[in-house]
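See below for the structure under consideration.
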Amino acid sequence: MKLFKETKHLVSSNVSAAERTVEEAERFWFSFVLYSLNRLSEKGGDSAQQKSDENRFTLCQILRATRLNIVYFFEELPQFVVKAGLVLTNMYGEDWETRLEAKEMQANFEHLTLISKSYKRAFRELFLSSDANIGKQESATGAPDYLSKYHRFGWLLFLALRVHAFSHFADLVTCTIGFVSVLAILILHVPICYRNFKINDSPHFVKKGEKGVDLLASLCNVYDASEADLRRTLKMTNKLMEDILKKRPCPASECKTETLEHIDTDGLVYFDGLLEEQSFLSNLSILENDYDDATRNRGDLDERLFINEEDSLLGFGSLSGEDVNISGIKRKFDSIPSPSKTISSPLSPHCHRASHVNGVLGPLNGKVASTPVSTAMTTAKWLRSFICPLPSRPSAEFQHFLSSCDKDVTNDVIRRAHIILEAIFPCSHDCSLTGSLRSANLMDNTWMEQRRLEALKLYYRVLEAMCTAEAQILRAPNLTSLLTNERFHRCMLACSAELVLATHKTATMLFPTVLGRTGITAFDLSKVIESFIRHEKSLPRELKRHLNSLEERLLESMVWDKGSSLYNTLIVARPALSSEINRLGLLAEPMPSLDAIAMHINFSEGQNGDVRSPKRLCTDYRSVLVERNSFTSPVKDRLLAFSNLRKAPLQSVFASPTRPNPVGGGETCAETGINIFFSKINKLAAVRINGMVERLQLSQEIRESVYFLFQQILSQRTSLFFNHHIDQIILCCLYVVAKLSQLELPFKEITSNYRKQLQGRPEVYCSVFVDRSSTQQNGRTRQDHVGIVAFYNTKFIPAIKHLLEELDLSRTTTRTTQVPESNNSNDGPCPGSPKVASFPSLPDMSPMKVSAKHNVYVSPLRASKMDALISHSARSYYACVGESTHAFQSPSKDLTAINNQLNSTRNIRIKLKFDDLEGGLVSDSMVANSLYLQSGSHTLASSPGAALKSEQPES
């Protein structure tokens, strides 16, 4: 009640900002309060401990009581974290966010969603021929539905592995190897009558020897897993069944059973009677009770819900008896890598024509269809294949650069890498742990050591390539200025570690963890991302996109946060801003020394605690659903074209801000850096503005005016960006330009359309920072975050009044159904120019032919047409990734149907009627109606996000 009363006044602001009823806002707030209480409540002595445990409840119980689903809960939770942060700090201490584990819970839920889908798909392919056959088997034998119970047994065994052997929030790659080990056990033990394959004649089991099918090698071939990791995990799974189920393991080579026929049993273990009718139900019950006992007092998500078909909690049903609008949920889930989004590298799984083999619909080579799980496994394979074989010390070529400095810095580079990577990937040395906790701790330490070594090798590889390029630019091998720069090396180590973490899809150590543990800031890291991508040629496409997405996150908000080194550079490049920067206390703290970090590591190891940098941690709270998983499709890819921006040698990028730039024409390094940084901000803003203008169907003149106003604010009212997200400035610019142009465009319409954008998040417009350091509100806790409307009225308009006089709005008083493509001219004048800069060139959006035999073109779908395309009347004609054309059908099946149709040799001639057209233009609806009326089938399908030609000609 104390927590609720302290935060109750914030509910009203959540109602107006998030456009929901009071009753809905209260249900969300109740759930947040209960979740926080459950995770943060301290426990006292033994009696208090027992009483606390009895009163604990799971997240699922909270959501059922408040009639919410998990996706909506995690989507709205960041607003509560931001707005109630001060109250939670006062009640539960400075470390409340770490103990809350909200981001970890969200990532864990997302991983389990993906794993459960892969598990269901694999189980269905291996053990189910069709739902109809299942019914026939049950009715013929009168036996219970053992197939569904085997399915449940496998999932419970996987959960036991997570609870007893893995860390609390295991990464996606580790979990995938865990579920593959469970598949191996099911293949060895499920009665052969339930199989849907012939072991010696199946595309899933292609690795064979003289003794038969090599089961583990075959599964590794299908899932791109490491055979050594799979054998290690299978050994742990077998040990769990021995300990929990009290089953005696036998060498499979000594067992004679039909389930082992045609399988090379060397090194495999068999449990007699594990899934036989006499003991199976008892074993199932034991696993259920074990999971209950292990998770009863944690208050976490009940992970059995993924096989309990609780659609209402997972976001595809209703807890209140009413239909739930899941378009927002679908949009969030679509930000996860879709089945069409693959890695463009030699390791990418090739697309093959689907076929029926032994009654199973699957690829001819036995590879699983491309999914987020398979994409993660393929990316991990790149790390194993390209990085792991490299030496763990600098190569001879790299040592040449290190020794060519004014003094040999080889030992300094090696020592720094060891200390920083030890801080990022710490090992626990708690000798007091016993049982399953000790096993999980040992596995965690092994995992940390492996990731540390991978990051080290990647760091040396990319740094050597950078030195080679830098030496060519400077025409000298002496790179003392760069190779002795502490901040540069830490940025490179942080970038290498982040890529390793992103490859394994960790649920913990989410970005910006690497910033805090290395002592650098978001602005520091933004300086090396482009160079890192450019100098690692083998980097898979997904990791390139991850770094580009990361750069967007840094530019849009994190570089503007308090404590960013951007402000230390700004006070040199823009001295007029120094007073405001100092008043708000925005300057970054000094970067902690290497010795301080090393001492902190040793102290933390002695205390068995988490290793953290002495530096203040960043507190960016971006939705995990679009964090390490937000890879857009190649067609919609809006990667920022920063390559044409002004560049400077890395040595000057990381030089002292006051130092003259040798190639800057009299500028200091700070001025050059800020000019490049502002150019990137403007480019990112142009992409965001263009997307919003298209969605709102505004004119080109509106777009130009909004962009011009944004540029002027950045150059002349830079302080308005302090502690803000650039999208907040863009939304305000849209509203004020529309208002001055006498357009009916309320903030509600702007924010509702913004939420449909890929980067749109409700906390951007619901929780806008406002500095109230000089005001008090009736003695109550100061509210530093308000809705976008309050920010617009109290801060934005007073700051930009005189800038509005420079806008030419004489031609912007109409809306249009078409926004011309971005022009291809060069960027306009630098920020601060009094002239209107022409809208910058954006990535080419022209249709691309994707079939050599058919006139099939793919083009990015205009935001303004998305809502029309996914309406009920038009849904039949389009297949967008993540939006299935048939109920309960996966996108992979949609894409398979499209491919089959395009690959068919049968020519379908359809005559289109143009009698009622004017001017020779063909509308989408006209084409759709003609196709439907004459063919009677769904013959029009678009690739991811693709659409037919616009109703009006493109410019």
Side-chain angles (χ1 to χ4, degrees), residues 114 171-173 176 223-225 334-352 363 367-388 454-455 458 461-462 465 495-506 511 528-554 625-644 684 687 758-759 842-845 848 850 858-860 880-882 891-892 895 899 943-946:
L114 300 174
D171 63 282
L172 183 61
V173 172
T176 301
Y223 290 97
D224 282 328
D334 292 346
S335 64
I336 302 168
S338 77
S340 72
K341 301 164 189 174
T342 56
I343 302 173
S344 179
S345 76
L347 295 174
S348 297
H350 299 289
C351 297
H352 292 273
K367 285 278 188 181
V368 296
S370 183
T371 65
V373 171
S374 66
T375 298
M377 297 301 290
T378 308
T379 311
K381 185 178 179 180
W382 166 81
L383 206 57
R384 285 199 314 274
S385 304
F386 280 80
I387 305 303
C388 288
E454 291 167 351
L458 180 60
R461 175 186 173 101
V462 180
C495 204
S496 301
E498 174 61 26
L499 277 183
V500 170
L501 291 169
T503 297
H504 289 270
K505 295 290 192 298
T506 58
F511 191 81
V528 302
I529 288 179
E530 182 188 348
S531 295
F532 201 103
I533 295 173
R534 191 167 62 249
H535 291 101
E536 180 45 64
K537 303 298 183 183
S538 71
L539 203 64
R541 184 185 206 165
E542 298 298 343
L543 293 184
K544 290 180 181 178
R545 287 180 172 176
H546 173 70
L547 288 180
N548 276 281
S549 174
L550 205 63
E551 186 172 24
E552 282 199 30
R553 284 187 59 196
L554 298 174
L625 289 173
V626 291
E627 200 164 75
R628 283 200 179 123
N629 295 322
S630 61
F631 302 131
T632 57
S633 73
V635 179
K636 286 184 177 179
D637 205 6
R638 296 263 185 149
L639 300 183
L640 297 178
F642 292 151
S643 58
N644 65 334
L684 176 58
V687 174
L758 285 175
Q759 82 279 4
L842 297 178
D844 183 21
M845 312 297 279
M848 177 180 65
V850 295
V858 176
S859 62
C880 300
V881 172
S892 62
L895 295 174
N899 288 334
S943 288

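Every value quoted in this text rests on a predicted model; they were computed, and no experiment measured them.
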Problem - pair Cys495-Leu547: side-chain heavy atoms closer than 4.5 Å - result: yes

Problem - Residues Asp171, Lys505; criterion salt bridge (Lys or Arg N to Asp or Glu O under 4.0 Å); working and verdict - result: CA-CA 5 Å; Asp171 63 282; Lys505 295 290 192 298; over 6 Å; no

Practice task
Would you check if Phe511 and Leu501 make a side-chain contact, meaning some heavy-atom pair closer than 4.5 Å?
Solution key: no

Exercise for the section: Flag the pair His535 / Arg461 as yes when at least one side-chain heavy-atom distance between them is below 4.5 Å, and no otherwise. Expected result: no

Exercise for the section: Identify the two heavy atoms, one from Val173 and one from Ala376, that lie closest to each other, and give their separation to 0.1 Å. Expected result: CG2-O, 4.2 Å

Practice task
Report the residues that fulfil salt bridge (Lys or Arg N to Asp or Glu O under 4.0 Å) with Arg384, sequence neighbours left out, ordered by chain and then residue number.
Solution key: none

Handout entry: Nearest heavy atoms of Ser496 and Ala455, plus distance in Å
Key = CB-O, 3.6 Å

Practice task
List the steps and the verdict of side chain to side chain contact (heavy atoms under 4.5 Å, CB included) for Val373 and Tyr223.
Solution key: CA-CA 9 Å; Val373 171; Tyr223 290 97; 5.6 Å; no

Practice task
Would you please say whether a donor-acceptor pair under 3.5 Å links the side chains of Glu536 and Ser538?
Solution key: yes

Fill in the blank from the handout: For Val500 and Glu454, the nearest pair of non-hydrogen atoms, with its separation, is CG1-OE1, 3.5 Å

Exercise for the section: Using modelled atom types only, decide if a donor and an acceptor are shared between the side chain of Ser549 and the backbone of Arg545 within a distance under 3.5 Å. Expected result: no

Fill in the blank from the handout: To the nearest 0.5 Å, atom NE2 of His546 lies from atom CD1 of Ile533 at 10.0 Å

Problem - Student check: side-chain heavy atoms of Phe386 and Leu458 closer than 4.5 Å - result: no

Practice task
State, yes or no, whether a side-chain contact exists between Leu539 and Trp382 at a heavy-atom distance under 4.5 Å.
Solution key: yes

Problem - Side-chain heavy-atom pair Arg534, Lys544 within 4.5 angstrom cut-off - result: no

Exercise for the section: First locate atom CG of Leu383, then atom CG of Leu543, and finally report the distance between them rounded to the nearest 0.5 Å. Expected result: 8.0 Å

Exercise for the section: Sort out for me which residue in Thr371, Thr176, Thr503 forms a side chain to side chain contact (heavy atoms under 4.5 Å, CB included) with Met377. Expected result: Thr176

Handout entry: Side chain to side chain, Glu552 and Leu684, heavy atoms closer than 4.5 Å
Key = yes

